[in-house]
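Okay, structure first, notes after.
Atoms within each ligand, like the ligands themselves, are counted from 1 in listed order. Here the structure is a predicted model, which is why all the values come from computation and not from measurement. Side-chain atoms are counted along with the backbone in the values below, which use heavy atoms only and exclude waters and symmetry mates.
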Amino acid sequence: MTIKLTWYGHATMGLDVNGTQLLIDPFFTGNPAASTTADKVKADYILVSHGHGDHVGDAVAIAKRTKATVISNAEIIGWFARQGVENGHPQHLGGGYRYPFGYLKLTFAIHGSALPDGSNGGNPAGFLLTAENKKVYLACDTGLFGDMKLIGEEGIDLAALPIGDNYTMGPDDALRAVKLIQPKQVVPVHYNTWDLIAADPNAWAKRVEAETSTKVHVLKPGEVVTI
Ligand code: NI
Ligand code: MN
């Protein structure tokens, strides 16, 4: 009974929850860091954290190909329906729902969420998954916020945090985030896709492991962490 997290590059991830494939913020076309392509990736569910193009990405095409259920906030699910996506499940921040694969809650994030065509994308979110007696927190695009401590109180086995700076937390604030959340393991994301979000994940890992008891997994695109 395991959860496998695959980092596909940038903020695109897959969670294999005991055989169910969750695809998060699927940005392959035009993503210089992508380890696979939109026509190959598997999805039973597609989770979209917010409306920005590097997160909505190929989600419409993949949803149409796979018939996956898209999970996001209500504004974004309404937009997907208008693009002809048949299966959507709207939630909103603070709300959880018990899916067949586990309990998924949308969490707070400090960021923007306008959709690629300028439509209102509601509020940006992160995701907190409880499944297989484990908890996985995907902060998604966000700045540091103190209520990460509340999320950490749930007991996080694995977190994915942005470290690329400019659009999200940089390495210093991501280290502070680890101290608030206290996850057992962490994966850095949203860095080195472009020069603007260049970061040294190994230097960050050394700092995290020197100052906390959290284990850092620096992945190459396509690599997997199993918990
Ligand atoms: Ni964004
Ligand atoms: Mn982004």
## Note on the structure
Within the 2.8 Å cut-off the protein N, O or S neighbours of the Ni ion (ligand 1) are H50 NE2, H52 ND1, H111 NE2, D141 OD2
### Query
Does the gap between the ring centers of Y97 and Y103 come in under 6.0 Å?
no
### Task
Check which protein N, O or S atoms are less than 2.8 Å from the Mn ion (ligand 2) and report how many there are.
4
#### Entry: P201 and Y191, any side-chain heavy atoms less than 4.5 Å apart
yes
### Task
Could you tell me if the ring centre of H55 sits under 6.0 Å from that of F27?
no
#### Entry: Nearest-0.5 Å distance, NZ of residue K42 to OG1 of residue T20
12.0 Å
### Message
Tell me if the centroids of the rings in W194 and H10 come within less than 6.0 Å of each other.
### Response
yes
### Query
Y167 and H111: aromatic ring centres closer than 6.0 Å?
no
### Query
Can you say whether the rings of H50 and H52 are parallel (under 30°), tilted (30 to 60°) or perpendicular (over 60°)?
perpendicular
### Message
Check for me whether the distance between the ring centres of F127 and Y137 falls short of 6.0 Å.
### Response
no
### Short side-chain to backbone donor-acceptor contact, T12 and D25, under 3.5 Å
yes
